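Here the structure is a predicted model, which is why all the values come from computation and not from measurement.
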Amino acid sequence: METIGKINFYERRELGERINVTFRFIKENWKVLLKYGALLALPFAAIQGFFMGDIFRMAMDPTSMDYTQILTSYGGYILLLMGSWIVMSSFALALLKAHEEDTLTPQTSLKDLAYFVPYIGKTLIMTLLLGGLGVVLMIAGILVALIPVLGVVVIILAAIGLLISIPALMLIYYPMYFENLNAWESLKKGFSLGWKNWGSTFVMSLVLSILFGVIQYLFMIPSYVWLFANALSPSNDLVSDGAVVGYITSFIAAFGVYLVMPASTIGIAFQYFHCREKDEHLSLQSPMDNFDNL
C-alpha cells in the first residue's frame with residue numbers, strides 16, 4: 001500500500017491505477033512541472049514558430065517551395081523536436097528521481113534537480129545509440145531488398161517489425177536512470193521488459209496519447225483557425241500579410257506540445273515501474289532486506 005504523501009513506484013497496478021497514479025504525481029507536483037516545464041519549453045517553441053510558419057506557407061502556396069527551403073524547414077523542425085524531447089523528458093525523469101529520494105517539494109528549483117543536466121547527456125547517448133542501430137538496420141535492409149525476389153517481402157516484414165517493436169522501445173530509457181545501467185544494457189533491459197509486457201505497454205501508451213493529445217490539440221486550435229481563414233482567402237493574403245499571426249499561432253501550438261511532453265514521460269515511467277515490479281518483485285525484496293539488517 002502507498003503511504004500518504006509518497007508514491008510507491010514499484011507496485012503492480014491495473015491500467016486504471018497506472019493512469020490515476022500518473023495524474024496524482026502531476027497533481028502533487030504541478031507547480032514545479034508547470035513553472036520549469038514552461039521555462040524549458042519557451043525557447044524551443046519560440047524557434048519552432050519560425051519553422052512552422054514556413055511549413056504552413058509552403059502548404060498553402062506550393063509554388064513557393066524549393067528544395068533548400070524544404071530541407072531547412074522540415075530538417076530544422078525534426079531536429080528541434082528531437083532536442084526538445086530529450087530536454088523535456090530528462091526534466092520529467094529528474095522530477096521522478098527527486099521524488100524517489102524524497103527531495104521533491106513545491107519549492108524545488110531547477111537548480112535543485114541535480115539529475116537534470118546529466119540526464120540530458122544520458123538521453124542523448126541513448127538516442128544516438130538507437131539512431132545508429134536504426135541506420136545499420138536500414139542499410140542492411142536496403143542491401144537485402146536489392147535482391148529482386150526478397151525485396152518486397154523484406155520491406156513488408158521490416159515495416160511490420162518496426163511497428164511491433166515500438167511499444168517495447170518505449171521502456172529502453174528508464175533502466176539507465178533508475179538502475180544505473182549504461183546505454184547498451186539499458187536498451188537490452190528496457191526492450192526485454194517492454195516485450196514481455198507488450199500488450200499493457202501498448203494500451204498504456206495509447207491511452208496516454210489520447211488523453212494528452214486532447215490537451216495538445218487545444219493549443220493547436222489557433223493554428224487551425226488561422227489556416228482555415230487563410231484557405232478561405234482567395235489570394236492567400238493571410239500567408240504574406242499575416243506572418244506575425246502565423247508565428248504566434250505556431251508558437252502556441254509548439255508550446256502546448258512541449259509543455260505536455262513531461263507528462264507523457266511520467267506516464268510511461270509508471271508503466272516501467274509496473275513491469276519491473278511484475279518481473280522482479282522489488283516490493284517484496286525491500287522488507288526482506290530490512291529484516292536481514294536487524
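Side-chain N or O atoms of H274 include none that pairs as donor or acceptor with a backbone N or O of R18 at under 3.5 Å. The backbone N or O of T249 lies less than 3.5 Å from a partner atom in the side chain of S223, making a donor-acceptor pair. Between the side chain of N182 and the backbone N or O of W184, at least one donor-acceptor pair lies under 3.5 Å. The backbone N or O of P167 lies less than 3.5 Å from no partner atom in the side chain of T201, so there is not a single donor-acceptor pair. Side chain of D279 to main chain of C275: no donor-acceptor pair is present (N/O by atom type, distance under 3.5 Å, no hydrogens or angles). Formation of a donor-acceptor pair under 3.5 Å by the S89 side chain with backbone atoms of I86 is not found in this model.
Dense packing is recorded around CZ of F191, with more than 12 heavy atoms of other residues, nucleotides or ligands lying under 6.0 Å away.
Once rounded to the nearest 0.5 Å, the distance linking CG of N8 with CZ of F273 reads 11.0 Å. How far CD1 of I164 is from CG of L169: 12.0 Å, rounded to the nearest 0.5 Å.
By the side chain to side chain donor-acceptor pair (under 3.5 Å) test, K31 pairs with no residue at all, sequence neighbours left out. The side chain to side chain donor-acceptor pair (under 3.5 Å) test applied to K35 returns no partner, not counting sequence neighbours. Applying the salt bridge (charged side-chain N to carboxylate O under 4.0 Å, His left out) criterion to K188, with sequence neighbours excluded, gives E185. Remark: E14 engages no residue in a side chain to side chain donor-acceptor pair (under 3.5 Å) (not counting sequence neighbours).
Within the 4.5 Å cutoff, the side chain of M220 has no heavy atoms near those of the I252 side chain. The closest side-chain heavy-atom distance from L208 to I19 is below 4.5 Å. Side-chain atoms of L95 and F116, non-hydrogen and from C-beta on, never get closer than 4.5 Å to each other.
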Begin from the C-alpha positions of W198 and L193 and carry the test side-chain contact (heavy atoms from CB on, under 4.5 Å) through to its verdict.
CA-CA 8 Å; W198 189 94; L193 278 176; over 6 Å; no
V21 vs F25, test: side-chain contact (heavy atoms from CB on, under 4.5 Å). Steps then yes/no.
CA-CA 6 Å; V21 77; F25 183 90; 5.9 Å; no
Solution key, residues 119-128 side-chain donor-acceptor pairs under 3.5 Å, sequence neighbours excluded:
| residue | atom | partner | partner atom | Å |
| --- | --- | --- | --- | --- |
| K122 | NZ | M176 | O | 3.4 |
| T123 | OG1 | S90 | OG | 3.1 |
| T123 | OG1 | Y119 | O | 2.7 |
| T123 | OG1 | Y177 | OH | 2.4 |
| T127 | OG1 | T123 | O | 2.7 |
| T127 | OG1 | Y173 | OH | 3.0 |

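Among residue pairs with one or both ends in residues 76-97, those qualifying as salt bridge (Lys or Arg N to Asp or Glu O under 4.0 Å) are K97-E100; sequence neighbours excluded.
Residues A92 and I266 come closest through the heavy atom pair CB-CG1, 4.0 Å.
In this structure, E277 does not pair ionically with R13, as no charged nitrogen and carboxylate oxygen lie closer than 4.0 Å.
Taking the six-membered ring wherever Trp is involved, the centroid distance between the rings of F9 and H99 falls below 6.0 Å.
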